[in-house]
Amino acid sequence: MSKLLSITAAAVMVSCQALFAGNVPESSDPIKVTIQDWTGQHFSTHVAAGLLKQMGYGVEIVVSDAITQHPALASGNINLSTEVWTNNVGDLYDGLVDKGDIVVVGELGLSPKEGWIYPPYMEERCPGLPNYKALYECAQAFGSAETFPKGRLITYPASWGTRSRDMVASIEMPFEPIPGGSEGAMVAELKSALSAEEPVIMMFWQPHWIFASYDFNWVEWNPTDERCVEESQQKETACGFEQAKVQKVVSKGFEEKWPAAYKMFKAMQLTNADENAAILEVDEKGRKVEVVAAEWIAENKSIWQNWMN
Amino acid sequence: MRSAILEKKTLIWIGIILITITFLIFKEELDWLTQYPKELIIPFSDWINFLMDKFIYKFGWLFLNVSWFLSWPINAAQWFLHSLPWVVVIFLVTIVAYLSVGLRLALFTLCATFYMVLIGYWEESMNTLSLVIISVPMAVLIGFGLGVWGYFSKRAEKIIMPILDIFQTVPTFAYLLPILLLFGFGTVVGLIASILYSFPPMVRNTILGLRRVPENIIESAIMSGADAKQLFWQAMLPSCKKQILLGVNQSTMAAFSMVIIAAIIGGTADIGWEVLYYIRKAEVGQSLVVGLVIALMAIIIDRITSGFAIKSDQAKRGRGLQKNTKINYLNFAVLGCVILFILSRFFALLDDWPYNLSAWLAVHINDLFDAFVESFRSEIKLIKNFTLFFIMLPTKIGFQQAVSPFTWGFQLETIHKILYFACFLITSLLFLKNKKSEFFVFTLLLMIFMYVGLTEMPWPALLIIYSFFSWQIGGYKLALGTFFGLTFIVVVGMWPEAMISVYICGIAVVFCFIIGTSLGVWAAHNTIVSVILRPINDTLQTIPLFVILIPFVMLFKIGDFTALLAIIIYAIVPSIRYAEHGIRNLPSEVIEASKMMGATTMQIVFLVKVPLAMPIIMLGLNQTIMYGIAMLVIAALIGTNGLEQIVFIGLTDGNMGKGFVAGISMAIIAMIVDRITKTISEKRSEALGFKIK
């Protein structure tokens, strides 16, 4: 499979080489692009990598973790990351950005959504949903043996911060927040609850492939124009969660070393629709993400050509 | 009057119990009893972070160079293994397996390696293998060197041994981040982590082997005029070859498990990474199909290396391979490789397998699993609630809070409380009357523990109880160790989390010990049970730990109970193995004697065999606890709240100091329990009058 890919990549490369007859690549060092552990990120990474290859750069794909990428970026072991979710970065990231060791290029264009999701059948057991106020009345519909008489709320793994816990505490909701541990455990919990129509409510995020395979509704909060801070909300005026940004970042000195690559990456934009379509192909139809990304590149020439000029 | 009847230690225990009760009474008034004051927490983690920053600033370049240097052999190994067609690799491994053990292992190896090809994970398997084959020789060299040094210098041994303890008990997650910060990013991190984790068994086995060299060999070598060098290389080393090869075997297995864990920080597209990918998607089938590859690889390598260790023993007795046959085999191997290599140039199939059966297999496993869940849903729920209500909650928060209409069906009234305390008090007094003062103390403590709950106990009381218990088992040294170790956990502010870890691990260990030992005893008497258990044990021990987690979450949901089960599944294996081993290797004269005295089978088992095998069974308990603690860290991935979660947060949040302090705290608990169980085991075997190996 990988051989086939490299052949197609090479073919595309040759056809595009003509576009960049100039001094690109400016350096023969490969650009190290990091790939992490969720499919959406795989897609955006392969798109970026594919485009950089077309421009004539050497690209090396390095696997890393959402957090471990930061020290690696700062030390130059990784040069480029397509998706840094600002809600999930830890203190390390802010410090490194302040010091200038990681350079934020801009936003990728995704509009992520985070909040509490539940399966549609819960609306029968808890009328009043999707409004969050309904949860005060029917916490027990979401209850379990361990949390009784409170409801059971699965939150993000402890290492992703404690926003749901803060919120439950500040608006005094009768729910017991239980950390989900890891993405796999959370998805397993959702799958198992759905198969038996058991109650479940969970902090989750979009874009995510699970929305391509199953139906979920989002708990709705009061709209707000100001910044929505989780830990200082009131029961009556709760506004939910501050929505994350998805940033594109590069290592220090990237712009000087590979100016054309920097310009392209700065212009690069992907939408939720792009990622969701790709995620569906990969996770539901079982296709390789490399192939899906190559297809996207082949089909959206008019879009990415603008990024390069 | 009473003090004359009671021993001194029982009196002290009564004192301690009184203090505990006083603490409990004043719990409400004095906050610091339940929660160590935040202002007094020593910010160790900040210090570590600060020092590490400075250190990296000063010496970071050095480590980066080492890392660059180390990346060469890995790249070379990867390149080599990838450029060989899979037929050639399979052929070579099969021959090695045949040479090491024989036809059966060769057949197994052939099937297992072909499975890796069949499911389409050959490349990833080779990435994992290349990490292992580079890290093991390095770990073996380092371990051997340190072992020899430790053997010749008492002072060196004093320094080396505690370091080994630390490397083996600090959860592996805790030192991944420091390595990452120092050595930069990439495959090298996995390599270094696996070297650090796998050299300790080599050191231990080297020292043990050298110590066991018979006196007469050394003497005769000296008498025949050997100088120091000859004595070591030509006399001592050959005679402890078996032990050293056992060390190699253990190092290899350790390297394997670490390579998989290291996948979590990324850096290599190996099998561990693939397994993690499917686990994140909660794909039970796929993660099992891929995880099995690792189990198979580990089993093959284990059998091959231990096979060579046994062979070397036989060779000494003149039953080894002749030189001639060796050359024949070598020729055969080379010839076969060349032919297969040429063939693979003509048939692409032999080089790059185009099919991928993993998806097909996975679908079937998923269907099976779903059917299972569907048909046993209510039973699963019943088991879970029963354990949760009647065992886990009472241990964690005590009857005081665990008993409610929702869980036990009634509210805890004064009458229940009186009954509860009356029962316990009467039992304990009965014990006292029969001069069983240990049981007397135990019942009283149990009464308090179960009423209050482990996590609600005031920490000063627990500190005193644990320390005094250690003093009783192992004297003042152990008591001091326990006291200072636990105090460390208190002053870094991680006591509540530590108690949650202890609670889950403790229940799991009790379960494992009871059920595992029973299974082991059964297996020792029944060959069929033994034959069935063995491959199950092998798989449980070698499959990547996180593979077990996902099916468990699907069955039992996120929470403590699932973590408990995952730990039990993994930690039960040593209990089974040691019990079986202990009973099978009892001196036959004793059993013959008891048979002659007319004992029934049951009497022999429970009154003769089990007590005699107790020292070894206790070692099994020791290993069960160690395995339980190791698995606990992995259980953080399904949302527990103990120390393991802090270790994990430290890793994923990039807060090295925090993770490291939590890791050290876990290591402290592990070491205390290790010393206590080992001391008990030694005392038992001394009392029985024989030495355990």
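Note that the structure is predicted; figures quoted are calculated from it, not measured. Every heavy atom of this structure was used, including side-chain atoms; hydrogens, water molecules and symmetry mates were not.
Per-residue counts of heavy-atom pairs under 4.5 Å with chain A were compared for B/L637, B/T640, B/I279, B/I646; the largest is that of B/L637. Comparing A/S75, A/G180, A/P157 by heavy-atom pairs within less than 4.5 Å of chain B, the highest count is held by A/G180. Looking only at heavy-atom pairs under 4.5 Å with chain A, the residue among B/T562, B/L555, B/L388 that has the most is B/L388. Counting heavy-atom pairs closer than 4.5 Å to chain A, the top-ranked of the candidates B/E283, B/E374, B/K384 is B/K384.
For chain B, no part of A/T34 is nearby; none of its heavy atoms comes within less than 4.5 Å. Using a 4.5 Å cut-off between heavy atoms, A/E198 contacts chain B through its side chain alone, with no backbone atom that close. Neither the backbone nor the side chain of B/F556 has a heavy atom closer than 4.5 Å to any heavy atom of chain A. At a 4.5 Å heavy-atom cutoff, the contact between B/I558 and chain A is made by backbone and side-chain atoms alike. With a threshold of 4.5 angstrom between heavy atoms, B/D560 does not approach chain A through any atom at all. Heavy atoms of A/I78 lying under 4.5 Å from chain B belong exclusively to its side chain.
A/F175 places none of its side-chain heavy atoms less than 4.5 Å from the side chain of A/K150. For the pair A/Q247 and A/Y93, the minimum side-chain heavy-atom distance is below 4.5 Å.
Under the side-chain hydrogen bond (donor to acceptor under 3.5 Å, both in side chains) criterion, A/Q140 pairs with no residue at all, not counting sequence neighbours. Listed by chain and residue number, B/Y277 satisfy the ring-ring contact (aromatic ring centres under 6.0 Å, His included) test with A/H42 (two or more places apart in sequence, or in another chain).
Aromatic pair B/F63/B/F59: ring centres not closer than 6.0 Å.
A/T155 and A/S164 share no donor-acceptor pair across their side chains, judged by distance under 3.5 Å alone. Side-chain contact annotation: A/H70 with A/D101, donor-acceptor N/O pair under 3.5 Å absent.
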